[in-house]
Protein chains: 2
Amino acid sequence: MSSIDLRLLRYFIAVAEEAHLTKAAQRLGIQQPPLSQQIRVLENELGVTLFTRLPRGMALTEAGHMLLDEARGIFARLDSAVAGVRGVARGELGHLAVGFTESASLHPFVPRVLRAFREAAPDVGFAVEENNTPDLVQAIHDKRLDAAFIRSPISNVEGLVIETLLVEEMIVALPAAHRLARARSKGVALAALAQDPFILIHRPNGPGFYDTIISACQAAGFCPNVIQETHKNLSTLSLVAAGLGVSIIPASMHHVEIEGVVYRRICGAPALRAPLHLAWRSVHTSGALARLIALARALAEDYQKPARF
Amino acid sequence: MSSIDLRLLRYFIAVAEEAHLTKAAQRLGIQQPPLSQQIRVLENELGVTLFTRLPRGMALTEAGHMLLDEARGIFARLDSAVAGVRGVARGELGHLAVGFTESASLHPFVPRVLRAFREAAPDVGFAVEENNTPDLVQAIHDKRLDAAFIRSPISNVEGLVIETLLVEEMIVALPAAHRLARARSKGVALAALAQDPFILIHRPNGPGFYDTIISACQAAGFCPNVIQETHKNLSTLSLVAAGLGVSIIPASMHHVEIEGVVYRRICGAPALRAPLHLAWRSVHTSGALARLIALARALAEDYQKPARF
DNA sequence: TGAAATCCATATCTACAAAATATGTCTTCC
DNA sequence: GGAAGACATATTTTGTAGATATGGATTTCA
């Protein structure tokens with residue numbers, strides 16, 4: 001590996017451009033003698049005569065001309081490297097892989113954050129993936145993802161930060177023909193559903209939802225009759241629409257309007273809440289990720305104020 | 001212009017590759033504390049965290065990864081620049097523009113030198129030009145040429161070196177029907193041509209030849225009857241072949257066999273000699289040129305020994 | 001759980017090399 | 001022919017990279 005000092009190249013460029021040692025020294029802010037000496041050091045290290053010393057100044061040799069071009073190129077590359085590294089650190093460059101669950105993607109907040117990030121850091125390569133919470137957590141751990149908007153995982157995986165951005169209530173999705181759907185009531189008590197068949201998301205796909213619903217029902221004094229489990233929350237709504245039973249989903253999903261499905265608030269079940277988390281590796285090194293986290297926090301704060309549904 | 005020292009980049013690469021400060025310090029042949037310090041200097045100058053300090057070593061951040069790639073590229077470029085500059089200086093790279101007169105190109109020595117140069121420095125861009133001596137001298141002066149094989153110019157142009165490589169005698173070219181051509185004599189006296197019509201090269205195209213011939217004739221006691229002047233030596237031979245008169249040319253041109261032309265040595269005219277010079281700018285900076293000059297000198301020395309014609 | 005080991009950070013001192021100062025040498029120009 | 005201009009050389013000063021010694025945090029193993 002070459003041991004030419006960049007300082008020597010900088011000096012060389014100045015002398016080459018000025019074609020005059022004394023002027024170059026002034027431009028560099030040093031005195032003429034050390035510059036004279038350092039140019040000789042450079043020539044010795046290269047084993048090449050770079051200048052012909054004329055009585056009127058310094059003229060580049062052919063080899064010197066080549067070095068001038070190369071040296072400028074090297075500095076340009078160094079500058080762009082520094083700019084690039086700073087850009088990556090600031091989260092303006094680089095790339096970011098973000099995942100989210102289906103229910104998160106249906107929450108208006110998540111696309112809003114992603115859109116804001118794209119606007120703030122348009123030069124960051126951006127990849128998204130939809131998956132269920134456990135798989136997303138694993139993907140982050142395996143460094144296939146940098147971050148993900150998830151629902152509650154069973155456990156806080158080692159080395160991951162799981163930060164709660166928002167908490168929303170859960171609502172019940174009823175077939176339009178359901179007795180509680182026809183009543184223009186403000187909300188329904190959870191206990192009123194004790195006899196209804198339940199359609200829930202498959203526990204391995206959404207353990208947070210599943211466990212929250214089951215334990216809320218038990219708190220309300222019954223064990224729900226789960227007649228079917230689906231892979232996605234959206235699928236439960238299809239089954240509700242078909243009249244197979246009722247489902248409990250995060251409130252933000254009321255934005256999904258499905259023929260034959262009616263949403264109702266649930267009264268008296270304060271534990272029936274669905275948090276929206278952002279997860280990432282605790283030792284993360286991406287400026288882009290830092291930027292996403294900051295954005296998500298800021299937008300979450302804005303989002304808290306107006307009550308939904 | 002960036003002020004990142006290459007030493008810092010070298011240190012950075014070592015630490016990044018070892019992922020271990022102490023090992024990197026050993027590899028660099030320094031102690032661990034200064035390395036720790038210099039890495040921090042680099043991080044401060046960039047304003048970027050390059051490593052996450054783990055209990056078990058140093059792990060690159062995303063920005064650090066980018067810098068590693070860039071730094072390697074910068075060193076690669078620097079190395080190739082150094083190699084290129086050295087190659088140019090040694091005359092192994094770069095380019096060279098060489099000129100020669102017609103008579104020089106007909107001298108076996110010149111193509112021999114050029115061929116040897118091409119073999120010695122195949123990567124040097126190479127351009128040749130044939131022209132008369134005065135124009136070649138001007139072209140060198142104007143830096144359109146780096147060197148030229150020329151005949152004697154009128155004056156040593158300022159700033160040019162004109163080095164004599166070879167000196168050859170001059171011979172007379174006679175029409176086959178000429179009385180002196182029919183005699184199988186060893187040579188002819190210059191005075192024997194006093195009554196013949198002379199064909200000479202136009203003086204501005206070959207002042208050395210012209211003046212040498214005229215003054216030799218005057219020394220032999222006559223003023224030649226020049227009935228025609230040509231632009232090139234070769235043209236004079238055509239006219240000789242046509243029987244218009246006689247011509248005096250450098251001995252090496254006897255290699256040109258033309259129907260109807262007979263060559264004879266000239267006796268008793270020691271001043272009738274044609275030097276072959278190599279000319280170049282005295283302040284030259286091309287390694288390729290230095291190589292050509294050295295080659296020409298070496299080959300000229302070889303060439304002197306066997307007498308020609 | 002406590003001791004040893006590992007690894008990086010901090011503090012202080014040393015030494016080398018880059019830069020400043022002073023002077024010399026060679027051209028050129030008036 | 002003397003003065004000015006330009007780079008080279010000699011000597012001293014100074015800034016900083018590196019060495020030494022130590023500290024602090026974490027992990028590993030007994």
Side-chain angles (χ1 to χ4, degrees), chain A residues 1-46 48-61 64 68 71 158-159 281-283 285, chain B residues 1-61 64 67-68 71 158-159 281-283 285:
Chain A
M1 204 184 263
S2 175
S3 65
I4 304 285
D5 194 340
L6 279 193
R7 180 178 44 83
L8 293 180
L9 285 190
R10 199 192 318 285
Y11 288 3
F12 167 76
I13 290 175
V15 175
E17 286 178 352
E18 300 285 344
H20 194 289
L21 209 64
T22 309
K23 283 180 197 161
Q26 284 170 357
R27 176 170 133 188
L28 292 167
I30 63 173
Q31 297 302 319
Q32 171 265 319
L35 183 56
S36 172
Q37 191 175 325
Q38 293 302 307
I39 292 295
R40 287 193 176 271
V41 167
L42 178 59
E43 287 182 325
N44 285 339
E45 292 200 353
L46 288 173
V48 165
T49 302
L50 297 170
F51 295 97
T52 49
R53 274 71 172 176
L54 304 176
R56 276 212 140 332
M58 315 269 283
L60 280 174
T61 64
L68 179 59
E158 185 69 24
R281 284 183 299 284
S282 42
V283 283
T285 64
Chain B
M1 202 184 263
S2 175
S3 64
I4 304 283
D5 193 339
L6 278 193
R7 181 178 43 82
L8 293 181
L9 285 189
R10 197 188 321 282
Y11 288 3
F12 167 75
I13 289 174
V15 176
E17 286 178 353
E18 301 285 344
H20 195 288
L21 208 62
T22 308
K23 283 180 197 161
Q26 285 172 355
R27 177 171 132 187
L28 291 167
I30 63 173
Q31 296 304 119
Q32 169 265 320
L35 183 57
S36 171
Q37 190 175 323
Q38 295 300 309
I39 292 294
R40 286 192 177 271
V41 167
L42 178 61
E43 288 182 323
N44 285 339
E45 292 198 354
L46 289 173
V48 166
T49 302
L50 296 169
F51 294 97
T52 50
R53 274 73 172 176
L54 304 175
R56 273 200 139 346
M58 315 270 284
L60 281 173
T61 63
L67 184 62
L68 180 59
E158 184 70 24
R281 284 183 300 285
S282 43
V283 283
T285 64

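All values reported here derive from a predicted model rather than from experimental measurement. So you know, we letter chains A, B, ... as the sequences are listed, proteins then strands, and number each from 1. The figures here come from the full heavy-atom set of this structure, side chains too, leaving out hydrogens, waters and symmetry mates.
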Rounding to an integer number of Å, can you tell me how far [X] [atom1] sits from [N] [atom2]?
X: A:Leu35; N: D:dA6; atom1: CG; atom2: C1'; answer: 13 Å
X: A:Leu54; N: C:dT28; atom1: CG; atom2: P; answer: 10 Å
X: A:Gln37; N: C:dT21; atom1: CD; atom2: P; answer: 15 Å
X: B:Asn44; N: D:dA17; atom1: CG; atom2: P; answer: 13 Å
X: B:Arg10; N: D:dA17; atom1: CZ; atom2: C1'; answer: 14 Å
X: B:Gln31; N: C:dC8; atom1: CD; atom2: P; answer: 14 Å
X: B:Gln26; N: D:dA19; atom1: CD; atom2: P; answer: 12 Å
X: A:Leu42; N: D:dC7; atom1: CG; atom2: P; answer: 17 Å

A:Thr52 side-chain N/O to A:Ala59 backbone N/O, donor-acceptor pair under 3.5 Å
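Such a contact is found between A:Thr52 side chain and A:Ala59 backbone.
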
Donor-acceptor contact present, side-chain A:Glu43 to main-chain A:Phe51, <3.5 Å:
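Judged by distance alone, yes, a pair lies under 3.5 Å.
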
Side-chain donor/acceptor of A:Gln32 to base of D:dA8, under 3.5 Å:
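For A:Gln32, whose side chain was compared with the base of D:dA8, there is a donor-acceptor pair (under 3.5 Å).
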
Of the nucleotides [options], which one has an atom closest to the side chain of [X]?
X: B:Pro33; options: C:dC8, C:dA19, D:dA21; value: D:dA21
X: A:Ser36; options: D:dT20, C:dC8, D:dT9; value: D:dT9
X: B:Ile30; options: C:dA19, D:dA10, D:dG18; value: D:dG18
X: A:Arg7; options: D:dT20, C:dC8, C:dA19; value: C:dA19
X: B:Arg40; options: C:dA9, C:dT21, C:dA19; value: C:dA9
X: A:Arg53; options: C:dC8, D:dA8, C:dA20; value: D:dA8
X: A:His20; options: D:dT20, D:dC7, C:dA20; value: D:dC7
X: A:Gln38; options: C:dA19, D:dG18, C:dA22; value: C:dA19

What is the nucleic acid contact for A:Phe51, judged by heavy atoms within less than 4.0 Å: base, sugar-phosphate only, or nothing?
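Contact class for A:Phe51: none.
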
Could you tell me which non-hydrogen atom of [X] sits nearest to which non-hydrogen atom of [Y], and how far apart they are?
X: B:Leu35; Y: B:Ala25; answer: CD2-N, 3.4 Å
X: B:Leu8; Y: B:Leu42; answer: O-CD2, 4.0 Å
X: B:Thr49; Y: B:Thr61; answer: O-OG1, 2.9 Å

Closer than 4.0 Å, any side-chain N/O of A:Thr22 to the OP1 or OP2 of D:dG5?
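For D:dG5, OP1/OP2 do not have a side-chain N/O of A:Thr22 under 4.0 Å.
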
